[in-house]
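What follows is a single structure, written as structure tokens, with notes after it.
So that the names make sense, note that chain A is the first sequence line, chain B the second, and so on, each numbered from 1.
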Amino acid sequence: MNRILELSVLISCFLFIGLISLNSSLLILIFPLLAYLLVGLFYQPQKIDLKVNLTITPERVTVNSPVTVRLSITNNGSHLEEVVLEDKVPVDLVRLDGESSAITQLESNSTIEISYSVSGKRGIYHFHGLQAKAYERTGLSLHQELVKTQGSLFILPEFLRLKNVAIRPRKTRVYSGSIPSNQGGSGIEFHSIREYQPGDPVHLINWRASARHRDTLFSNQFQQERLADVWLIVDARKRSEIICRKGSLFEYSIIASAALAQALLNQGNRLGLLIYGGFLDWTFPGYGKLQYERILRALARARPGDSMVFEKLANLPTRMFPMNSQLVVISPLYHEDLPILGSLRARGYQVLGISPDPIAFERGDLDDLTGDVGYRIAQIERSLLLTQLRQAGVYTFNWDVTVPFDRAMALPLSRLLPWLNLWGVRS
Amino acid sequence: MRRVRVLSWVCFFLAITPLTFIYVSQGYWELAFANLIFIIPWGIGFYKDQNNLITVSFIGFILLLAAGAFLEIWIGWLVLSALFIIAAWDLYWFEHRLKSVGEIRKELDLYRSHIVRLVIALLIGLLLSITSAMLKIEINFGIALILSFVVVLGLRQWNLIASKLNR
């Protein structure tokens with residue numbers, strides 16, 4: 001109950017009963033209450049006019065790194081007798097040091113500083129404003145205002161360095177890059193021979209082939225290395241979020257995505273990102289460091305979501321992916337996903353799967369061997385699923401998340417998969 | 001903050017003890033007992049930060065003062081008790097505000113200015129009470145009825161002011 005209302009009700013009741021009963025003592029008792037109330041109302045606080053300068057250093061950090069938030073508050077209005085200043089710290093951030101709220105008196109044109117440090121999980125955190133409550137000294141009257149501030153903190157996913165990811169999409173772009181294309185030209189690896197054309201350097205002449213034909217010279221052609229269109233598809237369906245004591249399996253998908261994005265962009269590819277969960281979160285394709293930053297920000301805000309439409313991978317919007325491009329699917333994978341990934345392969349996409357192992361992940365929570373038989377059955381089912389995917393042409397890497405992604409995947413991903421060579425690559 | 005808490009308790013006991021003795025001395029055992037009973041919700045409210053318990057104790061204590069007014073207890077004691085219970089109530093809320101924030105800046109200044117404002121309010125209350133105790137005005141039932149209507153209308157107006165201030 002409001003304190004002014006409490007006093008008002010008491011005063012009014014005493015006055016009413018005092019007048020009805022003509023009891024002077026009761027009427028006299030009103031005055032201490034009335035004086036207190038009137039003093040409280042007389043000195044009521046003026047309008048709050050604060051200028052807040054918010055500094056977050058650094059604004060872009062990795063998980064659990066400390067960040068210092070500093071607010072410099074200047075009172076441009078009248079003297080505030082008693083003011084409570086409280087910075088609204090986003091819920092998921094943990095305060096490590098300092099205080100985010102303070103009570104003080106603030107003279108006109110004076111400045112105070114509030115400083116504290118926070119850390120938190122992956123995500124984008126917005127600091128919306130400072131809540132200022134100006135009280136009259138007795139605390140009866142209150143004037144409160146939200147002083148807006150602008151500041152965001154990006155807690156980016158942990159990113160591990162992968163040196164190279166060997167991919168071979170069926171179609172490459174015209175720009176030179178690191179992916180061998182099925183077209184002769186300048187390069188390193190031998191591709192084919194063709195008839196000598198004026199202007200060909202002498203060292204390119206294949207003397208052995210030329211010797212077999214009279215009056216005709218042949219030149220060597222090398223495999224051209226080009227760039228490719230690559231799409232990272234992160235499975236953010238609610239069912240892919242398996243939570244154990246170690247955390248969430250989805251976080252490992254994000255770590256893998258960040259590492260792959262860095263490696264693929266470093267190779268010069270044109271990379272896009274689709275987070276497939278409660279909704280479709282697109283990061284349209286691009287090159288270079290700026291694109292890497294965009295992808296990291298998209299991964300920072302990625303949350304597992306539930307949607308009836310996107311419950312299965314069947315609604316993957318394939319029209320958005322360029323024909324015959326490379327798709328990298330990061331998902332724990334389920335049996336229902338098998339035909340959909342197979343159909344992508346049939347449409348000409350090269351599909352590479354990175355699958356954080358949910359069985360091994362959950363196994364970590366079991367202390368004894370009571371679940372050993374169940375674990376083995378689950379592992380067999382999973383091996384079967386991965387084998388079926390490979391048979392469908394979707395090469396999938398099973399990642400035991402107890403081993404860091406860079407250590408577990410650096411070697412297998414850097415080798416060109418033998419089956420990829422079976423496919424004719426055309427530019 | 002500690003000194004605010006101590007002062008609040010001192011004011012509370014100064015409000016409750018003399019009045020309890022007076023009720024006992026005049027044979028109103030029930031009122032004296034009720035007076036002491038309010039220590040329990042006040043104490044719990046104070047240490048557990050239960051504002052509702054404090055409100056209940058405060059209103060209950062003020063109603064006991066009103067009962068004393070009907071039993072013709074000397075008005076001087078009643079007014080003093082009312083002043084001290086208001087002080088205790090005010091200091092509870094002051095401490096509550098201090099506790100609710102992480103950091104207190106210029107604590108001594110805040111404390112001093114608060115006490116000065118509180119003393120001013122209480123002194124005005126005391127002066128008005130003394131003045132009104134010395135004045136004698138004859139009013140008949142008709143005037144009392146009109147004043148009562150004014151009170152009802154006034155109450156509504158207070159509500160409007162209160163809601164506006166806290167918006």
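At a 4.5 Å heavy-atom cutoff, the contact between A:Ser21 and chain B is made by side-chain atoms alone. Both the backbone and the side chain of A:Ile103 come within contact range of chain B, with heavy atoms under 4.5 Å apart. For A:Phe14, the part lying near chain B is the side chain, with the backbone staying farther off; criterion is any non-hydrogen pair under 4.5 Å. The contact between A:Leu7 and chain B is made entirely by side chain atoms (from C-beta outward), counting heavy-atom distances below 4.5 Å.
From B:Ile120, atom CD1 reaches atom OG1 of A:Thr138 across 11.0 Å, with rounding to the nearest 0.5 Å. Taking CD1 from B:Ile54 and CZ from A:Arg3, the interatomic distance works out to 11.0 Å, rounded to the nearest 0.5 Å. Taken to the nearest 0.5 Å, the CZ atom of B:Arg112 stands 10.5 Å off from the CD atom of A:Gln105. The CZ atom of B:Phe58 sits 6.0 Å away from atom CG of A:Leu10, with the distance rounded to the nearest 0.5 Å. B:Ile75 contributes atom CD1, which lies 7.0 Å from atom OG of A:Ser24 (distance to the nearest 0.5 angstrom). Rounding to the nearest 0.5 Å places OH of A:Tyr135 at 12.0 Å from CZ of B:Phe94.
For the pair B:Val79 and A:Pro32, the minimum side-chain heavy-atom distance is below 4.5 Å. Contact check for B:Thr55 versus A:Glu6: side-chain heavy atoms found under the 4.5 Å cut-off. B:Ile62 places a side-chain heavy atom less than 4.5 Å from the side chain of A:Leu33. Annotation: side chain of A:Glu81 is not in contact with side chain of B:His114 (no heavy-atom distance under 4.5 Å).
Between A:Glu82 and B:Lys106 no salt bridge is recorded (no basic side-chain N to carboxylate O distance below 4.0 Å).
The backbone N or O of A:Phe31 lies less than 3.5 Å from no partner atom in the side chain of B:Ser129, so there is not a single donor-acceptor pair.
Counting heavy-atom pairs under 4.5 Å between each of B:His96, B:Arg97, B:Glu103 and chain A puts B:Arg97 at the top. With chain A as partner, the option from B:Ala66, B:Ala82, B:Ala133, B:Ser113 having the largest number of non-hydrogen pairs under 4.5 angstrom is B:Ser113. In terms of heavy-atom pairs under 4.5 angstrom with chain A, the leader among B:Ile73, B:Leu83, B:Asp90, B:Leu91 is B:Asp90. Annotation: maximal heavy-atom pairing with chain A below 4.5 Å, among B:Ile86, B:Leu65, B:Ile104, occurs at B:Ile86.
Annotation: residues 110-123 of chain A contacts chain B through A:Ile112, A:Glu113, A:Ile114 [non-hydrogen atoms, separation under 4.5 Å].
Under the salt bridge (charged side-chain N to carboxylate O under 4.0 Å, His left out) criterion, B:Asp49 pairs with B:Lys99, not counting sequence neighbours.
Enclosure of atom CH2 in B:Trp9 by more than 12 non-hydrogen atoms of other residues, nucleotides or ligands within 6.0 angstrom is indicated. Remark: B:Phe21 CZ is loosely packed, at most 12 non-hydrogen atoms of other residues, nucleotides or ligands lying under 6.0 Å away. The number of heavy-atom neighbours closer than 6.0 Å to CZ of A:Phe42, taken from other residues, nucleotides and ligands shown, is 12 or below.
Between B:Gly102 and A:Glu99, the closest heavy-atom pair is CA-OE1, 3.2 Å. The two residues A:Ala35 and B:Leu128 make their nearest non-hydrogen contact at CB-CD1, 4.4 Å.
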message = Working note: B:Leu118 + A:Tyr36, criterion side chain to side chain contact (heavy atoms under 4.5 Å, CB included); need CA distance, chi angles, decisive distance, verdict.
response = CA-CA 8 Å; B:Leu118 179 63; A:Tyr36 182 75; 3.9 Å; yes
